**Q** 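Got a structure for you, written out below as structure tokens; questions coming shortly.
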Amino acid sequence: MILRTVLILCLSFIIGAYALQIAVIANKNFPVSSLNENEIRKIFLKKKMFIKDKKVVPVNLKNNSQIRQLFQKYILKMDNEEYNLYWNEKYFNGIKPPIVMSSQEAVIKFVKNIDNAIGYVELKKVKNRKDIKILKIINVGKKNGH
Amino acid sequence: MKKTLNILLFLFLYVSLSFSADINYSFGRGLKVGKFTLGGYSAFVYENNTKNSYEKFNWEELAFLGFIDITDKFKFFTEIELKDIYVKSSNSTENKTFNTKDLEINRLYFDYIHNDYFKIRFGRFITPLGYWNPIYVIVLRWTTSNPITSTQFYPRFLTGVRVFGYLPFQDDSWEYDLITQAGKQINEDNNSIIAKNFYAFQLKKHFWENSVFGITGGYFKKKKRPEKVKFVGFNIDIKKKIYELTYEYFYSREKEPYFNKEYSRISYYLQGVLRVFPKNYLIGRTEYFKDLSDGKHIENYIIGWNFRPLYPISLKAEYKIKHDRFNNNNRYDHIILGSFSVLF
């Protein structure tokens, strides 16, 4: 019984250590304090450009970022191929994809400084910050499991 | 004169902005100079009709796109195109080489975006009805050929006003479009159907992640002809990770007032796309068209392959069986089509 409990605790610890949570973050002046996954998806695909009449500014991570790949998979529900074909159509109609930042730190800095900006980073990078809003936390499984 | 002005405006923007700071080019997404983006697309098409040994190579299009977000609410977009730049055909009357007079303004408009529920577009734009027409260019569509349904029921372009956006309920899953064309048009003779006044609506319901159902209807009067046309249509597009199914239907009724006659047309197609392995797509399509005024009847069967080595590039091969039936005469054509197209 004791052995089983210890085993479960160890497993929980290991899984916990590798579990990855993505925080969808926004500037402090962002017009709402939470968004659902569908709204986030629409914002990052530029199907929705305004929240409460304020133009929102989505910011992406680089394509080779693991966080970006997880965000694409769990929120945008697209792989790279679908994502790029989607933006082909948008480009033909004069709609540009979100701005791309090279690191999570750059995303945080951008979101902090630009009104109505919205981005996403690992939750642990922003957990105790008071200068940005966390709109949504997304559980995306293990960090190195993809 | 207008064409020349547009070209000069384009060149001015291109040259002046090229010397400014903050320049960034990415293949398939254009040259970004500050808020301005300059890009385009091009397509080369090969066609071979085995029935009558007809063969044609065509550098079909070279188009330049320019757009800028002037403010958060105002946007400008333009597209100029050179059509049929170089044509070499077994029918020598079709042969053609480059001529700057062939430069056409495809699109030229301003958008005012009040919010996601109310947007207005003024100018010349692609008629946003149905599934196929808004993405009619070769590089975006799955096959080199267009389904007959997409070319016979309303003009490809309109000059007028479009009011569009989401309807403010059900999680923004409904979209509306109200379109009107009246008065003088930009580049009015460069169109699939030359129409005068035009009025149409569209309602779209988005479901699942990427699927959509739409209904549309409209009315227009042909230019320099007495016919008045009413049309209705619906379309459904179901898109999943590795496959896409599209069905589009249109019906029109044309009234000829002098002899008080009415004619109907009907057309539909069903298309399936399967991602067989990464960057490679298999396409099958069946098309039907019937003109009840003269009994003309067309059925097309298409099988194709689309290879996208890089996302802005598309290489397509297609085999098409075209069956024309007219007054109990049957004609079968076997057509091979290939194309190379690119966004830049």
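Just so you know, these numbers come straight off a predicted model, no measurement behind them.
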**Q** Roughly how far apart are A/N93 CG and B/I135 CD1, rounded to 0.5 Å?
**A** 10.0 Å
**Q** Within 45° of the axis and under 6.0 Å from the centre of the six-membered ring of A/F92, does NZ or CZ of B/R141 qualify?
**A** no
**Q** Using a cut-off of under 4.5 Å on heavy-atom pairs, state which of B/A63, B/P278, B/P312 scores highest against chain A.
**A** B/P278
**Q** Check this for me: B/K83, atom NZ, are more than 12 non-hydrogen atoms of other residues, nucleotides or ligands nearer than 6.0 Å?
**A** yes
**Q** Return the CZ to CG distance between B/R275 and A/D79, rounded to the nearest 0.5 Å.
**A** 4.0 Å
**Q** Please check: side-chain N/O of B/K75 versus main-chain N/O of A/G94, any donor-acceptor pairing under 3.5 Å?
**A** yes
**Q** Using non-hydrogen atoms only, which part of A/N80 is less than 4.5 Å away from chain B: side chain, backbone, both, or neither?
**A** neither
**Q** Tell me, for B/F125 versus chain A, whether the close heavy atoms (under 4.5 Å) come from the side chain, the backbone, both or neither.
**A** neither
**Q** Evaluate the criterion salt bridge (charged side-chain N to carboxylate O under 4.0 Å, His left out) for residue pair B/K279 and A/E81; output intermediate values, then yes/no.
**A** CA-CA 7 Å; B/K279 302 176 180 177; A/E81 214 167 314; over 6 Å; no
**Q** Would you say that B/R308 contacts A/N88 through its side chain, given a criterion of any heavy-atom pair below 4.5 Å between the two side chains?
**A** yes
**Q** Which one wins on heavy-atom pair count under 4.5 Å against chain B: A/K48, A/E89, A/M78, A/M49?
**A** A/K48
**Q** Just so I know, are the side chains of B/D172 and A/K47 near enough to count as touching, which here means a heavy-atom distance under 4.5 Å?
**A** no
**Q** Which distance, rounded to the nearest 0.5 Å, do you find between the CG of B/L140 and the CG of A/L85?
**A** 9.0 Å
**Q** Give, for atom CG of B/D111 and atom CD1 of A/I95, the distance between the pair rounded to the nearest 0.5 Å.
**A** 8.5 Å
**Q** For the backbone of A/E82 and the side chain of B/Y311, can you confirm whether one donor and one acceptor N or O come within less than 3.5 Å of each other?
**A** no
**Q** Should A/K55 and B/I113 count as side-chain neighbours, where that means a heavy-atom distance under 4.5 Å?
**A** no
**Q** Walk me through it: do A/F50 and B/K73 pass the test side-chain contact (heavy atoms from CB on, under 4.5 Å)?
**A** CA-CA 10 Å; A/F50 292 82; B/K73 303 263 182 186; 4.0 Å; yes
**Q** Non-hydrogen atoms of chain A under 4.5 Å away: do they reach the side chain of B/P134, the backbone, both or neither?
**A** backbone
**Q** Sub-3.5 Å donor-acceptor pair from the side chain of B/N115 to the main-chain atoms of A/D53, do we have one?
**A** no
**Q** Are more than 12 heavy atoms, taken from residues, nucleotides or ligands other than B/K240, located less than 6.0 Å from that residue's NZ atom?
**A** yes
**Q** Considering residues, nucleotides and ligands other than A/K112, do more than 12 of their heavy atoms fall under 6.0 Å from its NZ?
**A** no
**Q** If you count heavy atoms of other groups shown closer than 6.0 angstrom to NZ of B/K241, is the number above 12?
**A** yes
**Q** Would you say B/Y243 has more than 12 foreign heavy atoms packed within less than 6.0 Å of its OH?
**A** no
**Q** Which region of B/Y281, side chain (C-beta onward) or backbone (N, CA, C, O), has a non-hydrogen atom less than 4.5 Å from a non-hydrogen atom of chain A, or is it both or neither?
**A** side chain
**Q** Is the terminal nitrogen or CZ of A/K42 (NZ for Lys, CZ for Arg) located under 6.0 angstrom from the six-membered ring centre of B/Y166 and within 45° of that ring's axis?
**A** yes
